[in-house]
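Beneath this line is the structure, given in structure tokens, with notes to follow.
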Amino acid sequence: MKQDSPPLLAVPVLVPMPAERPYTYAVPVGMHVEPGSIVRVPLGPRQVAGIVWDSACETVDAKKLRPIVQAFDCPPIGKEMRRFVDWIAAYTLSPPGMVARMILRAPEAFDPEPWIEGLIRTEAEPDRMTAARARVLEMASDGLAWTRSGLAHAAGVSSTVIDGLKAQGVFETAMIPPRPVVAAPDPGFAAAALTGDQEKAAAALRESGAKGAFSVTLIDGVTGSGKTEVYFEAVAAAMDKGKQVLILLPEIALTQAFLERFQDRFGAKPAEWHSDLAPRMREKVWRQVAEGGVRVVAGARSALFLPFRDLGLIVVDEEHDPAYKQEDRVFYNARDMAVVRAHIGDFPVVLASATPSVESRVNASQSRYARVALPARFAEAALPDIKAIDMRRAPPARGGFLSPVLVGHVRETLGRGEQSLLFLNRRGYAPLTLCRVCGHRFQCPDCSAWLVEHRFRGQLVCHHCGHNEKRPEACPECGALDHLVACGPGVERIAEEVVGHFPDARTIVLSSDIMGGVKRLRLELEAIAKGEADIVIGTQLVAKGHNFPNMTLVGVVDADLGLANGDPRAAERTFQLLSQVTGRAGRTGKKSLGLLQTFQPDHPVMRAIVSGDSEAFYEREIAEREKAGLPPFGRLAGIIVSAATRAEAEAHARQLRRAAPAASDIHVLGPAEAPLALIGGRHRFRLLVQGDRRSDMQGFLRAMLAGGPKLRGSVRVQVDIDPQSFL
DNA sequence: AGCACGCCGACT
DNA sequence: GTCGGCGTGCTC
């Protein structure tokens with residue numbers, strides 16, 4: 001701020017609330033604030049943290065003007081971040097305050113971290129020497145400042161020993177700054193030896209990194225081709241330039257292995273950022289990112305809203321992963337927002353995936369993105385042999401779901417002392433329960449989806465809204481006892497079948513239903529990696545990132561699952577999931593096998609997975625979507641409006657059709673149409689709107705929001721298929 | 001009467 | 001998003 005500018009009397013402040021624009025507050029005499037300052041302001045009956053914004057102050061009723069309570073002693077939110085917030089608000093049609101709220105998610109971090117009391121050895125000697133005292137003096141002889149508990153711990157003595165020495169003047173106290181949450185990673189710590197392809201790819205990344213300007217590079221490499229090692233070179237290059245780096249991961253809570261690989265390369269772990277962080281840690285990371293102390297963050301999508309001081313690179317690993325989509329409050333796709341963030345900050349972004357999203361492939365083929373392909377697995381990592389099991393020719397035994405062919409391979413694998421993974425992306429015991437007498441089907445009273453039986457818990461559960469009830473003995477419709485029958489398999493049921501075949505094998509079921517949360521899950525994954533299970537039955541959790549060195553057989557119980565559900569991305573998603581799951585095998589050079597149980601062995605997805613030829617699959621996928629009249633990539637947007645009930649959704653649809661007669665398609669989607677219509681909160685129904693241009697979509701929605709009955713709290717906007725209209 | 005719940009508007 | 005106010009309806 002220039003010294004000669006007149007003192008500000010009032011400033012706009014974005015408050016964490018769905019207001020369309022910043023509110024205006026008075027700046028008390030003597031308080032200094034500038035755009036980006038984090039301030040405490042009164043809002044109605046309470047006080048909230050807000051961000052001083054840059055938009056021009058408009059005149060506001062002087063009676064309404066209230067003063068800022070406090071300007072936090074905190075680095076201001078930078079101009080790039082403020083533009084980013086405004087951009088996302090405009091793009092997602094969300095109130096800017098709600099976007100700003102995502103930055104302000106660490107309330108305690110706005111005050112500086114307190115300095116801690118340190119002890120430094122003085123010249124003075126203690127009156128009497130004891131063994132414990134000697135150990136302490138030995139530790140502290142380095143002349144550095146120690147914390148009381150740190151020194152006690154290091155010397156293996158109780159802290160009363162320290163207090164005694166301090167009282168005799170053996171130590172003087174000095175305030176020391178808070179410890180960094182992570183050690184500084186060293187870009188030159190252990191540069192990897194890269195193979196020919198990898199070196200070429202790394203060189204391309206280093207080159208765009210050296211320029212430092214905005215660019216998007218898609219690294220497209222099969223599982224085990226060393227994508228990570230390659231983009232680590234981009235990370236090293238950005239660090240060499242003194243820039244901060246953000247690595248986005250879809251589900252970081254489970255990717256302990258990633259942090260270790262990072263440490264092997266850079267000598268220290270990156271700072272983590274995800275929803276499971278302990279509050280204390282969260283604050284420290286936020287603050288140190290803002291102050292620039294933290295150089296590299298590995299985080300979930302919300303890490304995009306950390307207040308980096310000098311961000312110079314974003315890597316989006318597994319860029320195709322649906323976990324990058326936030327589908328409540330502000331709807332956004334972190335992969336696309338990372339591209340936007342990089343554009344605003346004018347630095348490179350790297351998208352990495354073994355199975356890129358179709359839109360990223362299109363962007364690459366249209367030269368909006370650079371593409372670097374890594375076609376081969378390196379060193380000992382061999383691709384698994386993949387085969388389809390035609391379930392029409394090799395059907396399971398009556399009442400079972402596993403083909404004798406698959407069971408045979410599990411037996412052989414057991415015999416070799418190696419591990420098998422049976423993958424089925426369905427939690428619980430059975431997806432549908434019906435009465436054999438009257439045909440009654442158990443449905444969710446709130447959202448009409450079928451209730452999934454969880455036999456272990458003795459419950460029927462709705463996977464859309466979480467509704468659950470006790471599994472009854474009798475049919476609620478006709479009262480018949482003992483005639484309820486479970487239809488179809490879930491992981492629990494497959495486990496039951498497996499135990500029937502192999503009663504002596506160590507079998508484990510892994511799904512998000514597991515008791516004990518992320519921590520327990522992590523332990524189980526580690527136990528499996530150490531060989532403490534023979535047969536693992538799991539949902540998509542097991543497909544993510546973890547390495548099981550002794551896993552040589554992957555059987556997909558129902559490879560067709562997910563192909564037939566109205567999602568325009570069904571084939572793409574299935575391809576990505578199957579490719580990720582089968583990639584769990586063969587990571588140590590042992591001969592390994594992937595088997596797909598399918599009724600459609602000739603389906604393009606199965607052919608692509610079995611042959612390993614994804615090129616043909618992508619080409620076909622793009623052509624298919626054009627044929628189906630789905631948005632041609634590069635231009636089109638889909639928008640989803642959420643509603644709590646079907647009636648409400650239909651009302652929105654009518655209103656939208658009136659407001660936007662040119663919209664090509666407006667569909668009401670119920671819970672059964674998931675995963676396109678993933679259900680969040682109380683919004684269970686959605687409209688999918690398709691049109692020719694994103695700006696049209698925004699126009700339609702604005703028109704809809706402006707006129708007609710109030711759609712209070714029920715309208716949300718989501719862009720699903722939108723490759724690149726944002727630049 | 002007392003209060004739980006839902007709806008609605010205000011919030012600078 | 002969060003709060004308070006106000007109406008409706010039900011009860012230790």
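Within every chain, numbering begins at 1; the chains are lettered A, B, ... in the order of the sequence lines, protein sequences first and strands thereafter. Model, not experiment: these values are computed from the prediction.
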**Request:** Taking atom CZ of A/R520 as the centre, report whether more than 12 heavy atoms of other residues, nucleotides or ligands fall under 6.0 Å from it.
**Result:** yes
**Message:** If I take atom CG in residue A/L65 and atom P in nucleotide B/dC11, what distance separates them, rounded to the nearest angstrom?
**Reply:** 13 Å
**Message:** Check this one for me: any side-chain N or O of A/R46 less than 4.0 Å away from OP1 or OP2 of C/dC3?
**Reply:** no
**Asked** Do A/R471 and A/E453 sit within salt-bridge range, that is, some charged N less than 4.0 Å from a carboxylate O?
**Response** yes
**Fill in**
In whole angstroms, the gap separating P of C/dG1 from CE of A/M17 amounts to 12 Å
**Request:** Name the closest nucleotide to the A/M98 side chain, picking from C/dC3, B/dT12, C/dG1.
**Result:** C/dG1
**Prompt:** What's the CG-P distance between A/L9 and B/dT12, to the nearest Å?
**Reply:** 19 Å
**Rounded distance (Å) that lies between atom C1' of B/dT12 and atom CZ of A/R40** = 18 Å
**Message:** Using a heavy-atom cut-off of 4.0 Å across all strands, would you classify A/P18 as base, sugar-phosphate, or nothing?
**Reply:** base
**Asked** Is a salt bridge present between A/E319 and A/R335, judged by a nitrogen-to-oxygen distance below 4.0 Å?
**Response** yes
**d(CD, A/E20; C1', B/dT12) in whole Å** = 15 Å
**Message:** From CG of A/L43 over to P of B/dT12, roughly how many Å is that when rounded to an integer?
**Reply:** 6 Å
**Message:** Using a strict threshold of under 4.0 Å (side-chain N to carboxylate O), is an ion pair present between A/E108 and A/R280?
**Reply:** no
**Asked** CZ of A/R101 versus C1' of C/dG1: gap in Å, rounded?
**Response** 6 Å
